[in-house]
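Counting from 1, the numbers follow the sequence of the chain as shown.
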Amino acid sequence: MKTLFLTSSFLGTSEKFVKEIEPKLKRKCVTFVDTASKVEEYTKYVDDARKWFLENDYNLTELDFSVEKKDKIIKILEATDLLYISGGNSFFLLQEIEKKDSKEVISEKISRGMIYVGESAGAIISAQDIEYSALMDDQSKAQNLKSTAALGLISKYIVPHFDEIPFVESAQAIVDKYTDLDLLLMDNHTAVLYQDDEINILE
């Protein structure tokens, strides 16, 4: 069963996570990926999420796709029940996952029951392609990205931080330009629970 919890702000939707995801966990363990934030100046949201997991008694394993070798990444993912991928730059995140040939590993693990939690950039890469997010993220921070084809976990295209400062203009620009895409708009207090091919908007 494929289970995704997608959000603009993990801290802003943590109560929904507790209600919808925690009951599905056999153990309170999380693999914590902060790769997307490595090229960003502001990273408080990563610290906040890490602190939340630790304060709520989760056993936390850190994973940075830009640092770890491929065999170590596969080993960590194979032992993971819950994968959290933070916000930051979606293009850099995808580039580093792609460089380690990890897209298929992540998708295969999700199909076998690993729960995927994506915050902002982590939610964006769940789509089929992330080209649209160039209006929100700086694509030049991923000079070695070969393709914007993403994880392809859902058919919709997440637009995080909709109507939220400082993303008001960039999020609206995506809506205005990409009228051909099935966009899903989320503010910082909305989450998407994707389960058994059904999308539930948690407001």
Side-chain angles (χ1 to χ4, degrees), residues 1-7 9-11 13-14 17-18 20-40 43-127 130 141-142 144-154 158 191-195:
M1 179 176 68
K2 184 188 294 185
T3 301
L4 312 177
F5 183 87
L6 308 175
T7 176
S9 167
F10 182 77
L11 215 61
T13 56
S14 58
F17 172 85
V18 170
E20 300 292 343
I21 300 300
E22 277 198 357
K24 304 179 189 302
L25 299 175
K26 296 178 181 178
R27 51 184 184 153
K28 296 182 76 172
C29 298
V30 57
T31 293
F32 190 96
V33 178
D34 63 353
T35 304
S37 71
K38 297 301 182 179
V39 292
E40 300 295 310
T43 59
K44 184 178 182 297
Y45 53 91
V46 177
D47 297 332
D48 288 343
R50 183 184 287 108
K51 181 180 178 182
W52 185 92
F53 280 116
L54 292 173
E55 289 182 345
N56 285 273
D57 301 319
Y58 276 79
N59 181 6
L60 191 145
T61 299
E62 300 272 0
L63 172 59
D64 182 357
F65 284 95
S66 67
V67 173
E68 295 292 353
K69 294 182 179 179
K70 180 181 177 180
D71 56 347
K72 178 71 176 294
I73 291 171
I74 292 175
K75 185 176 180 180
I76 291 175
L77 291 177
E78 279 299 323
T80 297
D81 295 326
L82 177 66
L83 179 65
Y84 160 86
I85 298 188
S86 81
N89 187 285
S90 57
F91 294 101
F92 180 76
L93 171 62
L94 184 60
Q95 170 185 274
E96 298 309 304
I97 290 176
E98 189 178 79
K99 280 166 64 176
K100 302 301 170 63
D101 296 322
S102 296
K103 286 198 292 187
E104 289 186 6
V105 178
I106 294 172
S107 297
E108 195 270 336
K109 275 287 292 179
I110 291 172
S111 69
R112 290 198 280 126
M114 179 184 73
I115 295 174
Y116 180 93
V117 178
E119 176 180 10
S120 193
I124 288 173
I125 67 165
S126 68
I130 66 167
K141 292 183 178 181
N144 298 314
L145 182 64
K146 296 178 181 179
S147 168
T148 54
L151 298 182
L153 302 174
I154 61 173
I158 301 293
V192 170
L193 178 65
Y194 181 83
Q195 194 168 266

Considering only NZ, NE, NH1 and NH2 on the basic side and carboxylate oxygens on the acidic side, decide whether Asp34 and Lys38 come within less than 4.0 Å.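 Between Lys38 and Asp34 there is a salt bridge, with a charged N closer than 4.0 Å to a carboxylate O.
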
When you check the gap from the basic side-chain N to the acidic O, do Lys51 and Asp48 get nearer than 4.0 Å?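 Looking at Asp48 together with Lys51, the answer is no, because their closest N to O distance does not fall below 4.0 Å.
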
Looking at Phe53 versus Tyr84, is the centre-to-centre ring distance below 6.0 Å?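 They qualify: ring centres under 6.0 Å apart.
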
So how far is it from [X] [atom1] to [Y] [atom2], rounded to the nearest 0.5 Å?
X: Leu151; Y: Leu93; atom1: CG; atom2: CG; value: 8.0 Å
X: Ile97; Y: Thr35; atom1: CD1; atom2: OG1; value: 7.0 Å
X: Lys44; Y: Leu11; atom1: NZ; atom2: CG; value: 7.5 Å
X: Ser90; Y: Ile85; atom1: OG; atom2: CD1; value: 12.0 Å
X: Lys99; Y: Ser66; atom1: NZ; atom2: OG; value: 7.5 Å
X: Ile124; Y: Phe91; atom1: CD1; atom2: CZ; value: 8.0 Å

Between [X] and [Y] (side chain of the first, backbone of the second, donor and acceptor by atom type, cut-off under 3.5 Å), is there such a pair?
X: Tyr116; Y: Gly122; value: yes
X: Glu98; Y: Lys146; value: yes
X: Lys100; Y: Glu68; value: yes
X: Ser111; Y: Glu108; value: yes

When you look at Leu4 and Val192, which way does the side chain to side chain contact (heavy atoms under 4.5 Å, CB included) test go after all the steps? CA-CA 8 Å; Leu4 312 177; Val192 170; over 6 Å; no

For residues [X] and [Y], report the shortest heavy-atom separation together with the two atoms involved.
X: Ala121; Y: Ser86; value: CB-O, 4.1 Å
X: Ser9; Y: Glu119; value: CA-OE2, 3.6 Å
X: Leu153; Y: Ser107; value: CD2-OG, 3.8 Å
X: Met114; Y: Ile106; value: CE-O, 3.9 Å
X: Lys70; Y: Asp101; value: NZ-OD2, 3.4 Å
X: Gly88; Y: Tyr45; value: CA-OH, 3.4 Å

Is any side-chain heavy atom of [Y] closer than 4.5 Å to one of [X]?
X: Lys103; Y: Leu94; value: yes
X: Val30; Y: Val117; value: no
X: Arg27; Y: Asn59; value: no
X: Ile73; Y: Leu63; value: yes
X: Cys29; Y: Leu82; value: no
X: Leu193; Y: Ile21; value: yes

Name all residues meeting the side chain to side chain contact (heavy atoms under 4.5 Å, CB included) criterion together with Lys141; count only those two or more places apart in sequence or in a different chain, and write none if there are none.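 Lys141 satisfies side chain to side chain contact (heavy atoms under 4.5 Å, CB included) with Val39, Glu40, Asn89, Asp138 only.
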
Phe5 and Phe17 aromatic ring geometry - parallel, tilted or perpendicular at 30°/60° bounds: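 Phe17 vs Phe5 ring planes: perpendicular.
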
Taking salt bridge (Lys or Arg N to Asp or Glu O under 4.0 Å) as the test, write out the residues that go with Lys75, two or more places apart.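 Listed in chain order: nothing, the list is empty.
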
Intermediate values then yes/no, side chain to side chain contact (heavy atoms under 4.5 Å, CB included), Asn56 and Val18: CA-CA 10 Å; Asn56 285 273; Val18 170; 5.6 Å; no

Just wondering, are more than 12 heavy atoms of other shown residues or ligands nearer than 6.0 Å to NZ in Lys28?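 Yes.
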
The single option from Thr61, Ile76, Val33, Ile115 passing side-chain contact (heavy atoms from CB on, under 4.5 Å) against Leu83: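 Testing Leu83 for a side-chain contact (heavy atoms from CB on, under 4.5 Å) against Thr61, Ile76, Val33, Ile115 leaves exactly one candidate, Val33.
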
Salt bridge (charged side-chain N to carboxylate O under 4.0 Å, His left out) contacts in which one or both residues fall within residues 86-95, not counting sequence neighbours: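 For residues 86-95: none.
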
